[in-house]
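In what follows, a structure is listed as structure tokens, so that the remarks can point back to it.
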Amino acid sequence: MSTKSETLFNDAVQCIPGGVNSPVRAFRAVKRTPVFIDHAKGSHIYDVDGNEYVDYVCSWGPMILGHAYPSVVDAVKAACDNGLSYGAPTSKETVLANLILEAVPFMGKVRLVNSGTEAVMSAIRVARGYTKRDKIVKFRGNYHGHSDGLLVTAGSGLLTESNPDSAGVPKGYTATTLLADYNDVASVEALFNANKGEIAAVIVEPVSANMGVVPPKEGFLEFLRRITKDNGTLLIFDEVITGFRLAYGGASEYFGIQPDMITFGKIVGGGMPLAAYVGTDEIMEVVAPVGDVYQAGTLSGNPIAVTAGIEQLKALKADKDIYIRISEFASRLEQAYLEKGITVNRVGSLLSPFFTEANVNGYDDVLKCDTEKFAEYFKHMLDMGIYVAPSQFEAMFISDAHTKADLEKTIEAIKSF
Ligand code: HOZ
């Protein structure tokens with residue numbers, strides 16, 4: 001007999017490619033079909049068959065306060081009564097922009113967009129417009145959304161589906177994307193030596209979290225700051241995952257490094273489709289309508305999404321101990337994996353168990369992981385009521401709603417694998 005999820009999935013594949021609106025969700029890497037979600041509250045998510053899970057996907061990061069957080073939901077409901085979209089400015093956009101700038105006070109201006117993909121794509125265009133150079137450096141296994149120029153040896157769904165370069169991207173679109181190895185200083189130096197005065201920006205996930213979690217080696221981000229500054233190149237931190245998660249001020253606060261531009265997504269939208277890119281005043285001067293780098297959007301600064309973002313950031317700002325609590329929770333899980341003999345990487349409240357004996361410091365290490373074993377682990381966790389990302393190459397996200405009981409249940413599941 002089919003489960004309701006299976007029936008819904010069969011219906012979905014008839015009208016949606018692969019039955020899903022984002023590839024990793026299809027569960028193909030773990031050789032299953034997806035569970036369909038009915039609702040979520042706090043740290044728990046419930047499928048249409050009545051199964052309840054402790055949720056470590058947390059919508060891939062945004063739900064840092066847990067699902068259906070009351071102040072966010074109430075504010076969104078109230079905002080809906082005033083209309084869903086105007087395509088004209090509101091005062092709330094300024095409120096959210098200032099909440100973001102409080103996180104990164106060395107930045108000057110914020111532009112709101114709808115997704116992390118859009119934020120990164122726009123930031124790159126700004127960097128090119130500002131420096132009047134074309135080339136960019138990205139790292140193998142880092143994922144910066146699905147814009148053409150960045151779909152080169154990318155992480156997340158591309159790594160999961162073993163197809164790190166997407167079809168449909170003309171060669172010319174990626175000809176200016178130079179590839180370096182994360183945590184490998186020499187690979188970056190070689191690119192700067194071979195492309196003197198031509199590199200507009202280096203874009204990096206300060207903590208790689210789309211090939212599983214891979215922390216930066218000691219000094220790596222400092223090195224990137226130095227070499228970019230020395231070469232008139234902008235350093236862009238893609239903080240779609242780390243922003244407002246490692247600290248209120250994200251990775252730049254956590255590591256004490258000031259990039260030239262930052263992209264935010266996920267948490268900044270409180271669970272709604274909202275993202276942002278920020279830069280110093282001088283850099284952001286090039287953005288239209290002030291400057292000549294064009295970027296626009298009907299739903300940019302959407303009042304409902306902005307409302308959700310404001311309420312979530314206000315809650316985070318009001319209780320910064322949240323970061324201590326979620327990191328502590330993650331470190332207890334880290335311990336449980338280690339005691340089970342499973343390799344694990346953790347930075348703050350982001351972690352990934354890896355099915356490999358070796359340490360995981362970069363893309364090549366990640367590729368050595370046993371994905372069959374991961375699929376077994378995934379099935380075991382799901383059977384035990386624990387919902388983790390259906391891919392070896394994604395992170396586990398802890399929220400402030402996760403409880404002691406969740407922790408104990410999860411440790412039990414890890415122990416019994
Ligand atoms: N790119 C996301 C993971 N890093 C997946 C998004 C989704 O499937 O919702």
Side-chain angles (χ1 to χ4, degrees), residues 12 16-29 34 57 59-62 111-128 135-180 182 200-206 208-212 236-243 261-269 271-277 294-300 305 363 366 389-395 397:
I16 301 172
V20 289
N21 283 306
S22 190
V24 192
R25 298 178 196 176
F27 280 31
R28 282 155 54 113
V57 177
S59 184
W60 307 89
R111 176 51 74 79
L112 300 180
V113 292
N114 301 287
S115 69
T117 293
E118 216 187 311
V120 173
M121 179 184 84
S122 309
I124 299 263
R125 186 177 304 145
V126 169
R128 285 177 165 145
K135 293 182 181 170
I136 58 163
V137 172
K138 93 168 267 292
F139 293 93
R140 289 190 178 85
N142 275 193
Y143 177 73
H144 304 288
H146 60 273
S147 67
D148 286 332
L150 292 162
L151 288 180
V152 196
T153 322
S156 191
L158 294 104
L159 189 52
T160 300
E161 296 276 321
S162 306
N163 181 25
D165 306 305
S166 173
V169 178
K171 276 210 171 58
Y173 283 43
T174 54
T176 49
T177 307
L178 311 175
L179 286 176
Y182 188 75
V202 171
I203 182 155
V204 64
E205 291 182 69
S208 290
N210 283 290
M211 51 175 163
I236 306 175
F237 274 6
D238 180 346
E239 295 224 44
V240 168
I241 287 181
T242 51
M261 297 189 77
I262 302 178
T263 55
F264 292 111
K266 301 192 189 275
I267 291 175
V268 73
M272 300 286 286
L274 185 143
Y277 62 94
Y294 198 71
Q295 178 270 309
T298 298
L299 293 172
S300 292
Y363 189 61
V366 162
S391 164
Q392 169 68 94
F393 309 116
E394 301 283 357
F397 295 95

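- For the pair Glu205/Asn210, a side-chain contact is recorded, criterion being any heavy-atom separation below 4.5 Å from C-beta on.
- For the atom pair Leu158 CG and Ser166 OG, the distance stands at 6.5 Å (nearest 0.5 Å).
- Contact detail for Val204 and Pro206: the closest heavy-atom pair is O-CD, 3.2 Å.
- For the atom pair CD (Glu118) and CG (Leu299), the distance works out to 9.5 Å, reported to the nearest 0.5 Å.
- In terms of heavy-atom proximity, Ser147 sits nearest to Thr117 at N-CG2, 3.7 Å.
- The minimum heavy-atom distance linking Ala276 with Leu112 is given by the pair CB-CD2, 3.9 Å.
- Inter-residue side-chain proximity for Tyr182 and Asn142 is flagged as met; some heavy-atom pair is nearer than 4.5 Å.
- With a 4.5 Å cut-off on side-chain heavy atoms, Leu150 and Val120 count as touching.
- With sequence neighbours left out, Arg25 forms a side-chain hydrogen bond (donor to acceptor under 3.5 Å, both in side chains) with no residue at all.
- Counting heavy atoms from C-beta on, the side chains of Leu151 and Asp165 never come closer than 4.5 Å.
- Listed by first and then second residue, the salt bridge (charged side-chain N to carboxylate O under 4.0 Å, His left out) pairs that reach into residues 137-155 are Arg140-Asp181, sequence neighbours excluded.
- Taking CZ from Phe264 and CD from Glu239, the interatomic distance works out to 5.5 Å, rounded to the nearest 0.5 Å.
- In summary, the side chains of Thr176 and Arg128 do present a donor paired with an acceptor at a separation below 3.5 Å, with no hydrogens or angles considered.
- With sequence neighbours excluded, no residue forms a ring pair (Phe, Tyr, Trp, His ring centres under 6.0 Å) with Phe237.
- Side chains of Ser156 and Glu394 form a contact here, defined as non-hydrogen atoms less than 4.5 Å apart.
- Partners of Thr177 under the side-chain hydrogen bond (donor to acceptor under 3.5 Å, both in side chains) rule, at least two apart in sequence or in another chain, do not exist in this structure.
- Under the rule for a side-chain hydrogen bond (donor to acceptor under 3.5 Å, both in side chains), Arg125 has no partner lying at least two apart in sequence or in another chain.
- Across all their heavy atoms, Pro34 and Ala26 have their closest contact at CD-O, 3.5 Å.
- The two residues Pro273 and Ala305 have their closest heavy-atom pair at O-CB, 3.9 Å.
- Screening residues 137-172 for ring-ring contact (aromatic ring centres under 6.0 Å, His included) gives Phe139-Phe220 as the qualifying pairs, with residues at least two apart or on separate chains.
- Once rounded to the nearest 0.5 Å, the distance linking NZ of Lys266 with OG1 of Thr242 reads 11.0 Å.
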Q: Applying side chain to side chain contact (heavy atoms under 4.5 Å, CB included), run through Trp60 and Val24 and close with a yes or a no.
A: CA-CA 11 Å; Trp60 307 89; Val24 192; 3.6 Å; yes
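- The two residues Ala29 and Pro390 make their nearest non-hydrogen contact at CB-O, 3.8 Å.
- In the model, Tyr277 has a side-chain atom that pairs as donor or acceptor with a side-chain atom of Gln295 under 3.5 Å.
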Q) Could you walk me through whether Tyr363 and Leu159 pass the side chain to side chain contact (heavy atoms under 4.5 Å, CB included) check? A) CA-CA 10 Å; Tyr363 189 61; Leu159 189 52; 3.7 Å; yes
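- No side-chain heavy atom of Val202 sits less than 4.5 Å from a side-chain heavy atom of Ile236.
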Q) Hey, mind stepping through Val57 and Phe397 against side chain to side chain contact (heavy atoms under 4.5 Å, CB included) and telling me if it holds? A) CA-CA 6 Å; Val57 177; Phe397 295 95; 5.6 Å; no
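- Taking 4.5 Å as the limit, some side-chain heavy atom of Val152 sits within range of a side-chain heavy atom of Leu179.
- The main-chain N or O of Pro62 is never found under 3.5 Å from a side-chain atom of Ser59 such that the two would form a donor-acceptor pair.
- Atom-to-atom distance recorded for Ile267:CD1 and Leu274:CG is 13.0 Å, nearest 0.5 angstrom.
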